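Comments concern the structure below.
Chain letters run A, B, ... following the sequence lines, proteins first, then strands; residues in each count from 1. A quick note: this is a predicted structure, and the numbers were derived from the prediction, not measured.
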Protein chains: 2
Amino acid sequence: MTTTPAGRRHTSQGEERKQQLVDAAVALFAERGYAATRIADICERAGVAKGLYYWYFPTKHDLFVELVRTMRRRFRQAQAAAMDPDADPLTRLRQGTEASVRFIGEHAAYFSFVEVEPTDGDRAAVLREGSEVYLRDVRALVDEARRDGLVPDADPTLMSIGVMGSVSSFTNAWRNGSLDVSADELAAFVGRWVEAALTGTTALR
Amino acid sequence: MTTTPAGRRHTSQGEERKQQLVDAAVALFAERGYAATRIADICERAGVAKGLYYWYFPTKHDLFVELVRTMRRRFRQAQAAAMDPDADPLTRLRQGTEASVRFIGEHAAYFSFVEVEPTDGDRAAVLREGSEVYLRDVRALVDEARRDGLVPDADPTLMSIGVMGSVSSFTNAWRNGSLDVSADELAAFVGRWVEAALTGTTALR
DNA sequence: CCGCGACTTGACCAACGGGTCAAGGCGCGC
DNA sequence: GCGCGCCTTGACCCGTTGGTCAAGTCGCGG
């Protein structure tokens, strides 16, 4: 009884082949979106026959889910690694922001399609898993900064959304070619932008 | 020789019917995205038979284009109307930002799908028409504020992208239910956030 | 050499969805 | 009553695409 793709262990060669499919998919999703990318396109890009896809993934959706979960784990790891545990929360927010910008810059293809996914449907649910955790973590830092008197007493959820939104909007523009700066320059700018906004935005009246 | 849909003039009843199709499309695009919305869904939602669609629009794409151009015109009008011509550029930037947030709030369904469109393909080109003009106009105001000494001497393109990105990221979160504030409260917050960031973000070192 | 597991292929299938068009209904003017 | 214009219908067409699966190749161990 042969196992299904999802429960399968692959040889090292099989893992390489699987990664080729994923890499091809990322590139194509970035070029034309998930919906307009066919399984046939992915296999052609990877240089294999179409039926091979199903040895590795049960459906088109499963590749997407696996991809999103892998990238999310790595994204959060990069953020955590960049934040100095001994620094004050505002500095940590800036460091996390800079790391986010850098990570997104290094994986531009992935983020170029994942940030333009429709907000409903099966794919959205997978994406939502991560963003709620991320928002909670950012908000914890904003709360800490507020208690330490480093930022004004404005709505912390709004502040957190401002931080996260700044990262995505700047990296979006960078990817679209609207910006002519290096990834490091961009990361530094966004860090300062976020810091200025956080410390200068007064409370609701 | 009957005219094609695009060159056709409709009776007032025909215009009403056409608008029903557009309204149905907006709602469905918002719910599931453009790609996953079928012509049949739109007609069902509008309460008409599928073939009727082609009396009004030649293709699925044409409805999208017409919709985007109409909404863009109205969006820019709302921004222009909100900016006091006698005010300083920083104030005008804040007013324009607030108007943007309000307009997006009032047309949440439309913006919920239009902001998550893939960045390549036939639809992207139509969307890009507008965003380049908008960026140019925001940048003109940032330049003016810089000359007046109201904002630091940081990269004006980056600043402009920060303004536009703040609008979209906050309205996105508001639409996703992450925020529990009114449209006016949100507009006011975003205005202040943008002002704080613009005035507080120091130049690249 | 044989059997087996790990792939790998590509023709095929069914469902799908954008678009087509002949036929029909309705209201209006002559 | 008739002709015409403005819709309106829904069966149909055809190309497309995610998924299926029988057949095949290759490498390895006995």
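- Residue contacts shown for A/Phe57 are absent, as no nucleic acid heavy atom lies under 4.0 Å away.
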Polar atom pairs (N or O), protein with nucleotides 22-27 of chain C, under 3.5 Å:
none

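- For A/His10, a side-chain nitrogen or oxygen approaches OP1 or OP2 of C/dC7 to under 4.0 Å.
- Listed for the B/Lys50 side chain is no donor-acceptor partner under 3.5 Å among the backbone atoms of B/Glu44.
- End-to-end axis angle of the helix from C/dC1-D/dG30 to C/dC30-D/dG1, from C1' rotation axes over five pairs per end: 20° (rounded to 10 degrees).
- Protein atom CD of A/Glu16 is 16 Å distant from nucleotide atom C1' of C/dT8, rounded to whole Å.
- Checked against side chain to side chain donor-acceptor pair (under 3.5 Å), A/Glu31 has the following partners two or more places apart in sequence or in another chain: A/Arg45.
- Going from atom CG of A/Leu21 over to atom C1' of C/dT8 covers 12 Å, rounded to whole Å.
- Geometrically, A/Arg94 does not engage A/Trp193 in a cation-pi contact, judged by NZ or CZ lying under 6.0 Å from the ring centre and within 45° of the ring axis.
- The minimum heavy-atom distance linking A/Leu21 with A/Tyr56 is given by the pair CD1-CD1, 3.8 Å.
- The CG atom of A/Leu52 sits 15 Å away from the P atom of C/dA6 (whole-angstrom rounding).
- Between the CD atom of A/Glu15 and the P atom of C/dA6 there is a distance of 13 Å, rounded to whole Å.
- Within residues 34-46 of chain B, the residues approaching DNA chain C are B/Thr37, B/Arg38, B/Ile39, by heavy-atom distance under 4.0 Å.
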>> Can you build the contact string for nucleotides 23-30 of chain D? Use B for base contact, S for sugar-phosphate-only contact, and - for no protein heavy atom under 4.0 Å.
In response: --------
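- By the side chain to side chain contact (heavy atoms under 4.5 Å, CB included) test, A/Ala109 pairs with A/Val26, A/Ala30, sequence neighbours left out.
- As a whole-Å value, the separation of B/Arg32 CZ from C/dG17 C1' is 13 Å.
- Looking at A/Tyr53, its side chain does come within 3.5 Å of a backbone N or O of A/Thr59 through a donor-acceptor pair.
- In terms of phosphate contacts, B/Arg17 brings no side-chain nitrogen or oxygen within less than 4.0 Å of OP1 or OP2 of D/dC7.
- In this structure, of C/dT8, D/dC6, D/dG18, it is D/dC6 that holds the atom nearest to the side chain of B/Thr11.
- In this structure, the CG atom of B/Leu63 is 11 Å from the P atom of C/dG19, given to the nearest Å.
- Pairs engaging residues 61-71 of chain A under the salt bridge (Lys or Arg N to Asp or Glu O under 4.0 Å) rule: A/Lys18-A/Glu66, A/Arg69-A/Glu129 [sequence neighbours left out].
- Side-chain N/O atoms of B/Lys50 and base N/O atoms of C/dG19 include a donor-acceptor pair closer than 3.5 Å.
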Show me the side-chain donor-acceptor pairs of residues 159-168 of chain B shorter than 3.5 Å, one per line, residues at least two apart or across chains.
residue, atom, partner, partner atom, Å
B/Ser160, OG, B/Pro156, O, 2.6
B/Ser166, OG, B/Gly162, O, 2.7
B/Ser168, OG, B/Gly165, O, 3.2

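- Ring centroid separation for the pair A/Phe75 and A/His107 does not come in under the 6.0 Å cut-off.
- Every side chain to side chain donor-acceptor pair (under 3.5 Å) that A/Thr157 has, sequence neighbours left out, goes to A/Arg139.
- Using a 4.0 Å cut-off, some side-chain N or O of B/Gln13 falls inside it from OP1 or OP2 of D/dT8.
- Here C/dT9 presents its C1' atom at 17 Å from OH of A/Tyr53, a figure rounded to the nearest Å.
- Smallest separation of non-hydrogen atoms from A/Ile42 and A/Thr37: CG1-CG2, 3.8 Å.
- Using modelled atom types and a 3.5 Å distance limit, the side chains of B/Arg17 and B/Gln20 yield a donor-acceptor pair.
- Set against C/dG18, C/dC7, D/dG19, the side chain of A/Trp55 has C/dC7 as its closest nucleotide.
- Taking 4.0 angstrom as the limit, B/Tyr56 places a side-chain polar atom (N or O) nearer than this to OP1 or OP2 of D/dT8.
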Distance-only check: which donor-acceptor pairs under 3.5 Å involve side-chain atoms of residues 77-88 of chain A, not counting sequence neighbours?
residue, atom, partner, partner atom, Å
A/Gln79, OE1, A/Arg76, NE, 2.6
A/Gln79, NE2, A/Ser100, OG, 2.9
A/Gln79, NE2, A/Tyr134, OH, 3.3
A/Asp84, OD1, A/Asp86, N, 3.0
A/Asp88, OD1, A/Leu90, N, 3.1
A/Asp88, OD1, A/Thr91, N, 2.9
A/Asp88, OD1, A/Thr91, OG1, 3.3
A/Asp88, OD2, A/Thr91, OG1, 2.8

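- The 5' end of DNA chain D is approached more closely, in terms of each residue's nearest nucleotide, by B/Gly51 than by the other of B/Gly51 and A/Tyr54.
- Applying the side chain to side chain donor-acceptor pair (under 3.5 Å) rule to A/Ser182 yields the partners A/Glu185; only residues at least two apart in sequence or on another chain are considered.
- Annotation: side chain to side chain donor-acceptor pair (under 3.5 Å) contacts of B/Arg38 (sequence neighbours excluded): B/Asp41.
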